[in-house]
Every structure is written in C-alpha cells, then in structure tokens.
Amino acid sequence: MTHPIQWPAEAIWESVAPQLPGFTVEVLPQIDSTNTELMRRARTGQLEPILLVAEQQTAGRGRLGRDWHSDEGAASAQSLTFSLGLPLAPQDWSGLSLAVGLSVVESLHADLRLKWPNDVWLRDRKLAGILIETASLGDQRYAVIGIGINLLPRDASGLSTPPAWLGEVLPGLTAPQALLRLIPTLVRTIQQFEHHGFSPFQTRFNARDALDGLAVTLSDGMTGMAHGVDSQGALQVDTPQGLQKVTSSEVSVRPLSPPPYEHF
Ligand code: BTN
C-alpha cells in the first residue's frame, strides 16, 4: 500500500501569507493540468493568489503547445508539478519567466543552469520546465506560473537524450521538501519582479546561463554566439550581422557546439 504524501501546506502558507494576503495552498491527487485549472478558475473570476499542486497531471502542458509528460500512474515521487496563480501588475512583463527560472535554480542547487528563456538544465539535459500564462479580467491581470520538475529518472522512450532529474544532485529530496524550498523564494522573486522588473536579476541570470559562449542557431536560421541577457532579459547573440537581441519566446535557440542538444 502506498502512503499518502505529506505536503507541507501549512508551513508554505505560513511563510507566504504575510506577504501575499488571501494566499491559499491546494493539493489535488489528480488533475488534467494545474495551469489549465487555474486558467479555468481565473476565467470565472477566481483571481485570488493560490498554489495548486497536483500529485498527477493527466494532460500536462509545456511551452509552444507541447505536452509535459508525467509517467503513467506515477505519483508525485516521480516529478513535482504545481502552478502559482496570482494577480500581477508589473510595468513591463519582459523577463518574468527568466526571473522565475532563476528562483528555481537558486533555491535548489549550485550545479543547475538556465537555458534561455526558461528551461532548467543539469549539465546538458533538461531537468525542469516553466509555463507562464496570463488571464485578463477587466483591468486585472492574473498570472499562472506553472513549474514541472523531474525528481526521479523518467521514461525516456522516444527521446535520444533522457531528461535529467533532481535526485542526481539532491538524492533523497522528496517532492514536498523540494516544494518547501521553492515556494517562499518564488513568491519573493515574483514580487520583486513586479516592483523592479528584470534588471535586478540580470547578473545572477547570466552567472547561471547555460548558453553563454555557445554557438547557437535561431529559429530564423541565423547563427551566432550567445552572450547572456540584457537588463530586460533579451538573449544577446553575436552574429555576422552584428549583435542581435532575441526577445520572442517563440524563437527556439539550439546550441550548435557539443554536446548534441536535442530537447528544448
Ligand atoms: C516546458 O518545459 O515547456 C514547460 C513545462 C511546464 C510544466 C508545468 S507542470 C505544472 C504546470 N502545469 C502544466 O500543465 N504545465 C506546467
């Protein structure tokens, strides 16, 4: 018999609620997708700050219309999947996903790196992904920040490079422990971003930039050398045509130089 997972909902609530009035924590055994659920709720006017954790997602979503797979029947020992929903009103939204990624890597381990715009890598493999969506209701904007982290090795069939998992650097860290490490810093990061934008995070992002100094090819075919991000989070790429600033999250950036990266 499997034991129910003990989530640190109260400890998370106690550390976050003073900064985020109205904040609640909800854990569901199963849902299609925590992002989909919070977006559905937002469209019906539920705009309170909430952390929604799913022990299992049946239709997890990734960026660019991709799926985010959880192993069939696996509970959250395998991965940690959650979304934080909250009203947000920054002057400039650019760089939010980068700041969120930075918060994830800084909360977890010194070896983790960021692959622009917001994948978390361990060495040359993807360990975690971030999907940010927003809903507007009247003049209020509600952000849903979804994060999926592999904790244990995942079924890699169909993939030429198996994804990384957190147990490689933090053996034994459970999903509840990882969540407790992540959430208070994540909320502080988002609030700092709301007030000051991306620039306070630029230097720290660049210190964790997995692409820095790598030859990359942009989805429009242009190639160049990646050189960190600017104060608004745009990726700077040195190309034969001069320095290009890549801002669109629709642009896919693929390193050219070894090792052979295949998963984005
Ligand atoms: C990506 O790498 O493309 C982003 C993956 C984001 C996955 C997380 S898991 C929790 C939340 N719910 C979802 O359906 N997606 C995000």
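Just so you know, ligand 1 is whichever comes first in the structure, and atom 1 is the first atom listed for that ligand. Every value quoted in this text rests on a predicted model; they were computed, and no experiment measured them. This chain uses plain numbering: 1 for the first residue, then up along the sequence.
Using a 4.0 Å cut-off between charged side-chain N and carboxylate O, Arg63 and Glu133 make no salt bridge. A salt bridge links Glu168 to Arg125: one of the charged nitrogens lies within less than 4.0 Å of a carboxylate oxygen. Between Asp209 and Arg113, no side-chain nitrogen of the basic residue sits less than 4.0 Å from a carboxylate oxygen of the acidic one, so the salt-bridge criterion is not met.
Two residues are said to be in side-chain contact when any heavy atoms from C-beta on lie closer than 4.5 Å; Thr58 and Gln30 meet this criterion. With a 4.5 Å cut-off on side-chain heavy atoms, Leu182 and Val104 count as touching.
Below 4.0 Å from some heavy atom of Ser83 lie the following atoms of ligand 1, by number and element: 11 (C). The atoms of ligand 1 that sit less than 4.0 Å from any heavy atom of Thr34 are 10 (C), 11 (C), 12 (N). Listed by number with element, the atoms of ligand 1 under 4.0 Å from a non-hydrogen atom of Arg63 are 1 (C), 3 (O), 4 (C). Below 4.0 Å from some heavy atom of Ser33 lie the following atoms of ligand 1, by number and element: 12 (N), 13 (C), 14 (O). In the vicinity of Asn35, heavy-atom distances shorter than 4.0 Å reach the ligand 1 atoms 11 (C), 12 (N), 16 (C). Counting atoms of ligand 1 from 1 in the listed order, those under 4.0 Å from a heavy atom of Gly60 are 14 (O). Atoms of ligand 1 found under 4.0 Å from any heavy atom of Gly62, numbered from 1 in the order shown, are 1 (C), 3 (O), 4 (C), 5 (C). If you number the atoms of ligand 1 from 1 as listed, the ones under 4.0 Å from a heavy atom of Lys126 come out as 1 (C), 2 (O), 3 (O).
Within the set Glu133, Gln57, Glu37, the minimum heavy-atom distance to atom 9 (S) of ligand 1 is found for Gln57.
Annotation: the span from Leu96 atom CG to Ile132 atom CD1 amounts to 4.0 Å, rounded to 0.5 Å. Atom CG of Leu112 and atom CZ of Arg123 lie 9.0 Å apart (nearest 0.5 Å).
Contacts with ligand 1 closer than 4.0 Å are made by no heavy atom of Leu64, backbone or side chain. Under 4.0 Å from ligand 1, the heavy atoms of Ile130 that appear belong solely to its backbone.
In terms of polar-atom proximity, defined here as any N/O pair under 3.5 Å, Trp68 makes no such contact with ligand 1.
Partner Trp116 forms a side-chain contact (heavy atoms from CB on, under 4.5 Å) with one of Asp212, Leu98, Val237 and no other, that one being Leu98.
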